[in-house]
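Encoded as structure tokens, the structure appears first; notes follow it.
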Amino acid sequence: MPVKRMEKTPMPVQGAGSRARNFKEVNEGYSTFHATFEAERCLRCQDPVCVGGCPVQIPIPDFIHAVANEDMAGAARILRSANPLPAICGRVCPQETQCEAECSLGGRFNPVAIGHLERYVADWERSQPISVTPSITRDEQIAVIGAGPSGLVCAGELARRGYAVTVFEALHAPGGVLRYGIPEFRLPKAILDWEIDVLKAAGVEIQCNVIIGKTLKLDDLFTVHGFSAVFIGTGAGLPQFLGIPGESLNGVYSANEFLTRINLMRAYDFPDADTPVHVGKRVAVIGAGNTAMDAVRTSLRMGAEEAMIVYRRSENEMSARVEEYHHAREEGVTFHWLTNPLEVLDDGGGWAGGLRCQRMELGAPDASGRARPVAIPGSEFVLAVDNVVLAIGTTPNPLLTRTTAGLVTNKRGCLVADEQTGLTSKALVFAGGDAVTGAATVILAAGAGKRAAQAIHEALAARAEPFRQRASLRFDHRLP
Ligand code: FAD
């Protein structure tokens, strides 16, 4: 076995001091030299365990081998065969718990930087002209509800199979969380726009400002508008609150509202943009997932002098991507681990002025399998804050299920759907992504959209078959 370099080729990044005050992408991307140098670290194992760690089973050693040979077009083809959103997933997937966690080099050395290589290849592909053209060969039209990653991938896969697809999106711009949640400094919107342009070039129609369940009813998509099947990719956009006193004070936001105001509604440009956001000197973000990291780092970029994470468990239970956590630390975010918020205090004028907290310690594991935080008596203290941002989770918005008869949900409000096909309790209605799993990841949503597209195709083909047989029988009758 050749001797391998132990360390990953580092990703060039903007310096922490300057980037904490701007919205430009933090990671600057590999050059061709970096990419081929890193690709040569791959062992091309006979049993490529990294593939098993990828939720959509990208043939990882094959695309990395193509990079090592500087065959970027080949690498792009291999990547796209499994993952329709490589430029996005190369940036936001939690590789350290997926493919890179399985890499054979990982035991003794650093795993191959699979995510950085995926991003490199996808960015190379984006520098080439879009070569897709529409090819509608089927009679059936499909409706997709929601233009997040699950809906966009499902639409793209159906268009590739020759269907006319219309995506209905509630907001004024497509992309879902990729547009309104994940900030520019992690996922530049130009990348999302390019993916959407590819879909449009393939013939997918996107209608924004249409709320299914309000503007149009789901059943009407079949009976009035003539769609043959529907995919629901409406995500889990309803924020959860703590239910503590003071949550309705001014200056308290859900992370979804905070990030939407800034990312989608351009509050950073107020008053040139219509939507304001109030960011004071001290911002406390409750939670320690990707959403919390995005909110706390965004608050720094919006001018906060002190940006802090408040989390009732410890660093070990944090669910954010490791890279985001490191970047947040470098940018000066402070972390209050084992700290439970009890009350948002009024500054006397109806605005948040403090956060009363108590210290916690970890006890036996709870239902989630993580150590249960237990309050330490007499440990209360107050953090001085001007804003509190709640990033403690989201659930699916119930609007669609409340206005559609026959759509079964579970006790968390998620749609019940077959794991493989995405088929819901309603005939020819499929679903996937966060609307089914609850808040999860981009790659899982994309994978669900892809599987549902295949299932829709098979369901429509199966429905058409008896008709074709009947038609050919009728035709045969007329034969002399
Ligand atoms: P969404 O992306 O939520 O898209 C759903 C779309 O449906 C939205 O555009 C919504 O407006 C639309 N919609 C809803 N209801 C209707 C309706 N009735 N009619 C029409 N349209 C409707 N995952 C990662 O893998 N890595 C990360 O780093 C990461 N960071 C994240 C950061 C933040 C701030 C957040 C909030 C999430 C993050 N996630 C991350 C999770 C990831 O973004 C989601 O799992 C993923 O976007 C889910 O995709 P989806 O298509 O199911 O739903």
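Small disclaimer: the values here were computed from a predicted structure and weren't measured. Atoms within a ligand are numbered from 1 in the order they appear, just like the ligands themselves.
- Among protein heavy atoms, atom 25 (O) of ligand 1 sits closest to Val442 N, 3.0 Å.
- At a 3.5 angstrom cut-off on N or O pairs, Asp434 counts as close to ligand 1.
- Among protein heavy atoms, the minimum distance from atom 30 (N) of ligand 1 is reached at Arg186 NH2, 3.0 Å.
- Checked by distance only, ligand 1 and Val177 come closer than 3.5 Å through their nitrogen or oxygen atoms.
- The shortest separation from a heavy atom of Asn397 to ligand 1 is not under 4.0 Å, leaving the residue out of contact.
- Salt bridge Arg266/Asp269: present, at least one basic N to carboxylate O contact under 4.0 Å.
- Centroid-to-centroid, the aromatic rings of Tyr163 and His457 come within less than 6.0 Å.
- At a 4.0 Å cut-off, not a single heavy atom of Thr394 sits close enough to ligand 1 to count as contact.
- Of the listed options Thr291, Thr404, Thr298, Thr291 places a heavy atom closest to atom 36 (C) of ligand 1.
- Below 4.0 Å from some heavy atom of Arg321 lie the following atoms of ligand 1, by number and element: 28 (O).
- Across every non-hydrogen atom of Ser425 and Val408, the tightest pair is OG-N, 2.8 Å.
- Here Tyr253 and Phe258 bring their ring centres to under 6.0 angstrom of each other.
- A side chain to side chain donor-acceptor pair (under 3.5 Å) with Asn387 is found for exactly one of Arg282, Lys281, His278, namely His278.
- If you check which protein heavy atom lies closest to atom 53 (O) of ligand 1, you get Gly235 CA, 3.3 Å.
- The protein heavy-atom contact nearest to atom 31 (C) of ligand 1 is Ile182 CG1, 3.7 Å.
- Atom numbering of ligand 1 starts at 1 in the shown order; those under 4.0 Å from a heavy atom of Gly433 are 52 (O).
- By the 3.5 Å distance cut-off applied to N or O atoms, Leu178 is not counted among the residues near ligand 1.
- Ligand 1 has an N or O atom lying under 3.5 Å from an N or O atom of Ser150, backbone or side chain.
- The closest heavy-atom contact to atom 18 (N) of ligand 1, among the options Thr215, Ile212, Thr437, Leu400, comes from Ile212.
- Of the candidates Cys208, Gly146, Gly289, Ala255, the one placing a heavy atom closest to atom 7 (O) of ligand 1 is Gly146.
- Under a 4.0 Å N-O distance rule, the pair Glu38/Lys8 does not qualify as a salt bridge.
- Salt bridge annotation for Lys426-Asp219: present, with a cationic side-chain nitrogen under 4.0 angstrom from a carboxylate oxygen.
- Within the listing of ligand 1, atoms 11 (O) sit less than 4.0 angstrom from a heavy atom of Leu171.
- Looking only at protein heavy atoms, the nearest one to atom 14 (C) of ligand 1 is Thr234 O, 3.3 Å.
- The number of heavy atoms from other shown groups lying within 6.0 Å of CG (Asp274) does not exceed 12.
- Near Gly148, meaning under 4.0 Å from any of its heavy atoms, are these atoms of ligand 1: 2 (O), 4 (O), 6 (C), 51 (O).
- Annotation: side chain of Phe430 is not in contact with side chain of Asp418 (no heavy-atom distance under 4.5 Å).
- Asn263 places a side-chain N or O within 3.5 Å of a backbone atom of Tyr180 that can act as its donor or acceptor partner.
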Cys414/Val436 under side-chain contact (heavy atoms from CB on, under 4.5 Å): CA gap, chis, key distance, verdict: CA-CA 5 Å; Cys414 299; Val436 172; 5.6 Å; no
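- Residue Gly233 approaches ligand 1 through these ligand atoms, each under 4.0 Å from one of its heavy atoms: 5 (C), 6 (C), 7 (O).
- Checked against a 3.5 angstrom limit, the closest N/O atoms of Pro149 and ligand 1 fall inside it.
- Within 6.0 Å of atom CZ in Arg77, 12 or fewer heavy atoms from other residues, nucleotides or ligands are found, so the atom counts as exposed in its surroundings.
- Using a cutoff of 4.0 Å between basic side-chain nitrogens and carboxylate oxygens, Glu25 and Arg91 are scored as salt-bridged.
- In terms of protein heavy-atom proximity, atom 26 (N) of ligand 1 is nearest to Val92 O, 2.7 Å.
- Aromatic ring orientation, Tyr325 versus Phe335: perpendicular (interplanar angle above 60°, classes split at 30° and 60°).
- Within the structure, ligand 1 lacks Arg179 among the residues with a heavy atom less than 4.0 angstrom away.
- Annotation for ligand 1: atoms under 4.0 Å from non-hydrogen atoms of Gly176 are 2 (O), 4 (O), 8 (C), 9 (O).
- Checking each of Lys189, Arg179, Arg80 against Glu195 for a salt bridge (Lys or Arg N to Asp or Glu O under 4.0 Å) leaves exactly one that passes, namely Arg80.
- Residue contacts with ligand 1 include Ala440, since one of its heavy atoms falls under 4.0 Å from the ligand.
- Near Ala445, with a cut-off below 4.0 Å to any heavy atom, the atoms of ligand 1 are 48 (C), 49 (O), 52 (O).
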Asn27/Gln14 under side-chain hydrogen bond (donor to acceptor under 3.5 Å, both in side chains): CA gap, chis, key distance, verdict: CA-CA 7 Å; Asn27 285 346; Gln14 266 196 78; over 6 Å; no
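- Listed by number with element, the atoms of ligand 1 under 4.0 Å from a non-hydrogen atom of Leu259 are 34 (C).
- Only the backbone of Val210 comes within 4.0 Å of ligand 1, judged by heavy-atom distances.
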Evaluation steps, side-chain hydrogen bond (donor to acceptor under 3.5 Å, both in side chains), between Ser254 and Asn256: CA-CA 5 Å; Ser254 72; Asn256 264 23; 5.9 Å; no
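- Distance from atom 21 (N) of ligand 1 to its nearest protein heavy atom, with residue and atom name: Ala170 N, 3.1 Å.
- Contacts with ligand 1 closer than 4.0 Å are made by side-chain heavy atoms of Asp294 only, the backbone lying farther away.
- Here the options are Gln98, Gln95, Arg119, Glu118, the test is side chain to side chain contact (heavy atoms under 4.5 Å, CB included), and the partner is Cys89; only Glu118 passes.
- When hydrogens are left out, the protein atom nearest atom 8 (C) of ligand 1 is Glu169 OE1, 3.5 Å; that is the closest non-hydrogen contact.
- Not a single heavy atom of Gly237 sits closer than 4.0 Å to an atom of ligand 1.
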